[in-house]
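Notes to accompany the following structure.
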Amino acid sequence: MSLRNYLHSLITPALNSEMLFGNEPIVLEIPQQTSHGDFSTNIALLLAKKANKNPRALAQTIAASLQPDEAVIEKIEIAGPGFINFFFKKEYLANSLKDIFIQNESYGKSQKYIGKKANVEFVSANPTGPLTVGHGRNAVIGDTIAALLEWVGYSVDREYYFNNAGRQMRMLGDSVKLRYLQQLGDEFEFPEGHYQGGYISDIAKQLLAEFGDSLRDEPVEGKFKEAAEREIFKELKGTLKRLGIEHKAFYNENSLYEEGKISSLLDHFQKTGLSYEQEGAIWLKLAELGNDADKVIVKSTGEPTYRLPDIAYHITKFERGYDLIIDLFGSDHKATYPDVLAALKSLGYPVERVQVLIHQFVTIIKDGEVVKMSTRKANYVTLDELVDEVGVDVTRYFFNMRSIGSHMNFDLDLAKKQSDENPVFYLQYAHARICSIIRNAEEAGLESSTDSLYILQSPEEQALIKELLLFPDVVLYAAEIFEAQKVTTYLREAAEAFHKFYTFCRIIGVEKNLSRARLSLAIAAKIVISNGLRLLGVSAPERM
RNA sequence: GCGCCCGUAGCUCAAUUGGAUAGAGCAUCAGCCUUCUAAGCUGGGGGUCGGUGGUUCGAGUCCACCCGGGCGUACCA
């Protein structure tokens, strides 16, 4: 049982016995100052108003009816305006480290959502060009959220959705065809609005090599589009794989048409009177469903807009039985989802299972100037370039360090310069240090032991112990609010606690029982750090 | 114009989702290696938390209004 859970089970009956049935959840937080205890609750402050009592007096009443285990709790204090502060027995905290050894590589995982299925859709960039640094943020965040969900029990499918039926992909195919014709000797100016990237010419060159001039009359949507989609995807998948990211499924728009899902959805809308025709287009009555305005779902050209396949696609997610459906995309797609959700709701699907996560953009600064990214204009810094420069670990850690709502600035030159001093090395260094100690201990014939953990009572030892015991709480919390950045913040603190412990507490060469206990503590720290890094997809080197 | 997001140290970002004296990294200054990895540790300087009001025991966090920036506001995705 975690420390938090213990306190929870301590406080709940006390509140009941005092007839304090508030809806307020019992929040247990860790005070900034150690003099305020290991944990603190503000429950008396929250309940004081309802009970119409003085908060300090109420805190006294609650504290008096607590029945703490003397082997666990050192003391309970009332402080400030009415906080109840809890101090654990040092021996109890130290002995709690045993849980870490028992669970080992699983320490940090929990069972809360066992049996639940989640779908995490991320990246979902259309295959029109290489992944950029901006996509990198989405890719890393999505993959880490998926990992977090797995750690708390979900069975998770990582999914990538892309549109290959619309105008954008036709434009791509056309770009390839025009380059192909140029390579055949046709002279004309390449249109400004088409895809300018060099990879377009490369694909055209391959087609030329394979088919000669036989594709002169090939429609754009045939070999040209097919080749572009295939080749670009090959690249995309390679980039993702470098970062340790693999999607279980690539779901494409075309398949929705082929399986008749689009037409049957359209039929349904028409039958139920949710759509109507106007000016040659078919509109969805979104205003009636509470949104801003009706929107077109089939253009007057007969071609659906992205909304229709998006809705059909999400229906498949419900049909596939997911308990949690996560859509992660950049703020430029902000406008698309309210329509989709409203439509799904009107169709009777439990939209509360859908969590739409929106991350803000990455502003790239190169040579002191902001890079305005555009795939069409071939103006971008690719994710591959970034990984080439700083490596996988730094890339993954960097994106996970920031909350998804931050409009992050990314100075490429600074990133290169500072990659040696990136915070990820701080964690990896702690891990490598511990590994080194373990090697030295083996050589010295020292074995770790949990028999004498109670000895660990110095401030540095206790601080590290408390930090390590928090790990499962942090993972659960991060998973429930879908924020991996809570984990990076925590790991930095855990590594800091270790480095301080290391500085002040010698492990090898002190009294035998102390030596064994400290070695155990170091090993526990290694377990937490390596588990945390694994969760983030960052390597935990044994030597640096 | 309207909607969403953001504004915290010189720079890049945190802040236990309303808690007690706002913290890290980089940069900067001063210390610490004849003993387990100095990619580390200790200490200093650096802040009107964009601004003004409000809500309450308590606000960086919630509300209103301003200022500044990002992204949307399609018969593109």
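These numbers come from a predicted model, not from an experiment. Excluded from the calculations below are hydrogen atoms, water molecules and symmetry mates; all remaining heavy atoms, backbone and side chain alike, are included. Each chain gets a letter, A, B and so on, in the order its sequence line appears, and its residues count up from 1.
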Protein N or O to nucleotides 54-60 of chain B N or O, pairs below 3.5 Å:
none

Tabulate protein N/O versus nucleotide N/O from nucleotides 29-33 of chain B, keeping only pairs under 3.5 Å, one per line.
none

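Under 3.5 Å, the side chains of A/E159 and A/Y313 contain a donor-acceptor pair of N or O atoms. Side-chain N/O atoms of A/E77 and A/N85 include no donor and acceptor closer than 3.5 Å. A donor atom on one side chain and an acceptor atom on the other are found under 3.5 Å apart for A/N400 and A/T144.
In this entry the distance linking CD1 of A/I508 with C1' of B/rU37 reads 12 Å, nearest Å. One atom, CG of A/N164, and another, P of B/rC76, lie 17 Å apart when rounded to the nearest Å. For the pair A/M373 CE and B/rC71 P, the interatomic distance rounds to 12 Å; values are reported in whole Å. Atom C1' of nucleotide B/rG25 and atom CG of A/D411 are separated by 15 Å, given to the nearest angstrom. In this structure, the CG atom of A/L414 is 13 Å from the C1' atom of B/rG10, given to the nearest Å.
Take A/R492 and apply the salt bridge (charged side-chain N to carboxylate O under 4.0 Å, His left out) test, not counting sequence neighbours, and it matches A/E496. Applying the side-chain hydrogen bond (donor to acceptor under 3.5 Å, both in side chains) rule to A/K377 yields no partners; only residues at least two apart in sequence or on another chain are considered. Shown here are the ring-ring contact (aromatic ring centres under 6.0 Å, His included) partners of A/Y6, two or more places apart in sequence or in another chain: there are none. A/Y502 is linked by a side chain to side chain contact (heavy atoms under 4.5 Å, CB included) to A/R433, A/I437, A/F498, counting only residues two or more places apart in sequence or in another chain. The side-chain hydrogen bond (donor to acceptor under 3.5 Å, both in side chains) search around A/H314 returns A/D327, not counting sequence neighbours.
Residues from residues 292-299 of chain A placing a heavy atom under 4.0 Å of any atom in RNA chain B, listed by number, are A/V296, A/K299. Within residues 485-503 of chain A, the residues that place at least one heavy atom under 4.0 Å from RNA chain B are, in residue-number order, A/Q485, A/K486, A/T489, A/R492, A/H499, A/K500, A/Y502, A/T503. Listed by residue number, the members of residues 332-344 of chain A with any heavy atom below 4.0 angstrom from RNA chain B are A/D332, A/H333, A/K334, A/A335, A/T336. Near-neighbour residues of RNA chain B inside residues 425-438 of chain A, defined by a heavy atom below 4.0 Å, number-ordered: A/F425, A/Y426, A/Y429, A/A432, A/R433, A/S436, A/I437.
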Given Watson-Crick and G-U pairs under 3.5 Å, RNA chain B in dot-bracket ([ ] crossing, | other strand) is (((((((..((((.....[...)))).(((((.......))))).....(((((..]....))))))))))))....

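Using a 4.0 Å cut-off, some side-chain N or O of A/N440 falls inside it from OP1 or OP2 of B/rU37.
B/rU48 takes the anti form, because its glycosidic angle lies more than 90° either side of 0. Base orientation of B/rC33: syn (glycosidic angle within 90° of 0).
Taking for each of A/I30 and A/H407 the nucleotide of RNA chain B with the nearest heavy atom, the 5'-most of the two is the partner of A/H407.
When distances run from any side-chain atom of A/Q32 to the nucleotides B/rA39, B/rC76, B/rA20, the shortest one goes to B/rA20.
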